[in-house]
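Notes follow the structure.
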Amino acid sequence: MRSIQMLLLSLIIQSFLSAQLEFQSSELPKDTLATIGSQIISAKDFLERFELMPWPQKDMSSRIEYTKLEFLHSLVAEKLLAMEARQENIGNDSMTMSLQKNLERLFVRDEFYKREVPSKISVSVQEISIGLIRIPYEIEVQVLGILSKKEGELLRKKIVQSKNKNTAYNFFIDSLYVPLDTLTIGFGFSNKTIEDAVFSIGKDSLSNPVEIDPLGWVMFRLLQKKSNEQLMRLSHPDRLRKVENIVKQRKEDSIATKVFASVTAPQRAEANPELFLMIADTIAAMMKSDSASYFSKGKFVFPSTAIIELQKKFAAHRNDQFITIASGNLSVDEVLVSLGNNSVMFPSLKLDQIRAVLNNNIKTVIQNELLTREGLKKNLQQTENVRHDISTWLDNRKSLLLLRVILDSIRISTDEIEDEYQKHPEIYGAAVLVRLREILVDSVSLAKELRERINKKEDFSTLAKKYSKRKEWGKNGGESPWIEVSKWGELGLYASNAKINEVNGPWKITEGLTIFSVLERRIIDDSLRANFTITNRSIEQKLLSEKRQQTINRYVGTLAKKYNVTMNETALRSVKTTTTNMFTWRNLGFGGRIVAVPQVNKETDWVYEWIKQKQLNQ
């Protein structure tokens, strides 16, 4: 009967969901998965968050559709809370404003890079042809240091004229060249000048002289040329794709370097030396006070959380001019906020090294600021990409701020704690004693018959005397002595949850089938009450967690009704996802990285509250 009721309930809910969660997609973009007021969550929005962040059980392909639904519910909850936060003027605090400004500058710089660099890459047929010729091979060479191009040409002449090249190389060592190193060069080597020189080596086994920073003038002596077996096994399309990617990456790096130089080279910046030394000294003091917490993988890492602490220490100087630039100065706070975007790591805690690393990081801050200003001149802060990225992060933050306001408002009273304790005192360490009236039998049919006779007001004690196989209790009309529930297994468990004088069962226990009622209950907790602080705190935390979740569910469910939420599960099922569960970083144009997307807070049970509220209004 119970299973049939559950099935009917499931069918009712499914029917309700299909009626309430679907919407007319003809009025919306085809990939719309949910509407929240005038806003939508598209398949693109969904995938951007789902694919780039970890999520519970995302790697289980057997439940991926349910996982996707949980994620969509959580995304909708985030949107609802963010919209309500705006209504309540939550998220206008100084930290949120600072975050918004910082995000805008990061995303403007990234958008500037996308428009100035990748869009201008073009790959010629000749470049692809050269790559296809080179990619199957690796060339091992000896690097020869020479004084000048003229000296290199003289060395080449001597080697070519010599009958025994090895003897000639040995003879001219230290006079015309110095052996520096041995390298293995393949297509895509980090320095294209070196790669070109090595792959142009002819039958005389010696390259032309080339000038390489920081080595100066060098030549390359061929030691051996061998096939790269791994690349040789690639199909032609895969080899072609690899060559194209290498050429594009080189072009991208080259264009980025030129754009970077064109923006930053004409400008000069100067730091206030006194403020610089104060910041460096403060960083040194912070790390030395707890060096172990900063040390990781051989370096001292100064994380963004430490930058926030540094900002607090310089609160009195936050608006002081730190960097002087013709196009607009930077304050101490602006530099420190931007410093939080860098990966600041120190090789040691020596003050001179801390100052050197800090100096390089501040140079990066200045360069990034100049690039950002160039993007702002082009009004890139108004582009769709930048506005979308900022909105995603701010929605997440504002939703969390409103959640914090809600959670902080919830309190647990002493009466609630006592009521919870009285429900299950044995869980918290008290000894719970009960006296029962019980009938214990083996036969299911007999147990059902006895329960029906009891329901018809036949005397429980008379039946117990006649039928119960627990003879000690049976002769007393089924009455037990005082027993401690924690020591009576399944019977004790059932008894601990039963109300006084209420008939329960038949229930299956190890000894057979039991029908019982609790006659009396006694709690022995004198020693527990003598030091109730820990128990009190434990109950409070349990109730607080439950009450917070219930409050959030009701609150978000109410918002879903207020903002007319709709969800399209049919469209969601058609969204193809992976089951890769990982934390992802987003690399930014001109350097640096941030977390790819903000983490979605898991909020799913509000849907049941929403459905309940809708049913009440029908």
What I want to find out is whether R586 reaches D389 closely enough, with some N-O distance under 4.0 Å, to be called a salt bridge.
yes

Test: R86 and D395 ion pair at under 4.0 Å
yes

Can you give each donor-acceptor pair under 3.5 Å made by side-chain atoms of residues 41-55, sequence neighbours left out, with the distance rounded to 0.1 Å?
from : atom 1 : to   : atom 2 : distance (Å)
S42  : OG     : K44  : N      : 3.4
S42  : OG     : D45  : N      : 3.1
S42  : OG     : D45  : OD2    : 3.0
D45  : OD2    : S42  : N      : 3.0
E48  : OE1    : H388 : NE2    : 3.0
E48  : OE2    : H388 : NE2    : 3.3
R49  : NE     : P598 : O      : 3.3
R49  : NH1    : E78  : OE2    : 3.0
R49  : NH2    : E78  : OE1    : 3.1
R49  : NH2    : E78  : OE2    : 3.3
R49  : NH2    : P598 : O      : 3.1
E51  : OE1    : T578 : OG1    : 2.5
E51  : OE2    : T578 : N      : 2.8

Between E104 and K101, does at least one N-O distance fall below 4.0 Å, as a salt bridge requires?
no

Who are the ring-ring contact (aromatic ring centres under 6.0 Å, His included) partners of Y494, not counting sequence neighbours?
W507

Could you check whether any side-chain N or O of S468 sits under 3.5 Å from a backbone N or O of R470, counting only pairs where one atom can act as donor and the other as acceptor?
yes

Are F532 and Y421 an aromatic pair, judged by ring center distance below 6.0 Å?
yes

Can a donor-acceptor pair be found between the side chains of S61 and T579 at a distance below 3.5 Å?
no

E546 with K542: basic N within carboxylate O range, under 4.0 Å
yes

Closest non-hydrogen atom pair between S574 and A571, with its separation:
OG-O, 2.6 Å

Just by distance, no angles: are the side chains of Q549 and D605 close enough, under 3.5 Å, to form a donor-acceptor pair?
no

Kindly say whether R387 contributes a backbone atom to a donor-acceptor pair with the side chain of S391 at under 3.5 angstrom?
no

What one should report as the nearest heavy-atom pair of A430 and D525 is CB-CB, 3.8 Å

L436 side, atom CG; N504 side, atom CG - distance, nearest 0.5 Å:
9.5 Å

For F516 and L491, work out which heavy atoms get closest and say how close.
CD2-CD1, 4.1 Å

List the atom of D110, the atom of N587, and the distance in Å for their closest heavy-atom pair.
OD1-O, 4.1 Å

Using a 3.5 Å cut-off and no angle test, enumerate the donor-acceptor pairs between side-chain atoms of residues 533-540 and protein atoms at least two apart in sequence or in another chain.
none

Got a salt bridge between R437 and E479, using NZ or NE/NH1/NH2 to carboxylate O under 4.0 Å?
yes

Could you tell me which non-hydrogen atom of S480 sits nearest to which non-hydrogen atom of V434, and how far apart they are?
OG-O, 4.3 Å

Is a donor on one side and an acceptor on the other found under 3.5 Å between the side chain of K547 and the backbone of R411?
yes

What's the shortest heavy-atom distance between T96 and G91, and which atoms?
CG2-O, 3.2 Å

Establish, for the pair R522 and W482, whether the NZ or CZ atom is under 6.0 angstrom from the six-membered ring centre and no further than 45 degrees off its axis.
yes

With a cut-off of 6.0 Å (strictly less than), are more than 12 heavy atoms of other residues, nucleotides or ligands near CE of M95?
no

